[in-house]
Amino acid sequence: MILMPFDATAQTPWAVPFAFEDYLELVDWTGRALRADKPGYIQAQEPKILARLDIDGEQFIGYSEYLLKAFRTAVGAPASLADLCARRQAKYLRGIQTARTVFVAKQAA
């Protein structure tokens, strides 16, 4: 698996629009949240990237074990996935239902 380049300024349209440090914080938080019994477990304070992207932390943890299986090639809000689908000239992009659950559930709360 290859990571896309990161661009915290969001000026590069094909790059991940946040800092690599935010990504690392998210990965660290996710790993520790999944294994509360392990040394180094951290509290429930969510990484700032989740708030900025409007992702529900509990939903994210629930999906994190099979995130790539649920989304496949792209992870994002429903509108972002629809935009990607249009840019790729594809009729379908796997993960839209998961995106609605993960991204929209927080707005309804």
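Along the sequence shown, residues are numbered consecutively beginning with 1.
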(message) Can you pull out every salt bridge (Lys or Arg N to Asp or Glu O under 4.0 Å) where at least one residue sits in residues 9-26? Sequence neighbours excluded, please.
(response) D22-K48, D22-R52
(request) Could you grab the distance from atom CZ of F60 to atom OG1 of T30, nearest 0.5 Å is fine? (result) 4.0 Å
(request) Enter the distance from L81:CG to R94:CZ here, rounded to the nearest 0.5 Å. (result) 13.0 Å
(message) Any non-hydrogen side-chain atom of F18 less than 4.5 Å from a side-chain atom of D7?
(response)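 When only atoms from C-beta onward are counted, D7 and F18 do not touch, as no gap falls below 4.5 Å.
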(request) Could you tell me whether F6 and Y23 have their ring centroids closer than 6.0 angstrom? (result) yes
Which heavy atom in [X] sits nearest to a heavy atom in [Y], and how many Å separate them?
X: E46; Y: I55; value: OE1-O, 4.4 Å
X: A77; Y: A99; value: C-CB, 4.2 Å
X: T98; Y: A70; value: OG1-CB, 3.7 Å

(message) I'd like to check the side-chain hydrogen bond (donor to acceptor under 3.5 Å, both in side chains) partners of S80; sequence neighbours left out, ordered by chain and number.
(response)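 Listed in chain order: nothing, the list is empty.
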(request) Please list, chain by chain and in numerical order, all residues satisfying side-chain hydrogen bond (donor to acceptor under 3.5 Å, both in side chains) with R88, sequence neighbours excluded. (result) T73
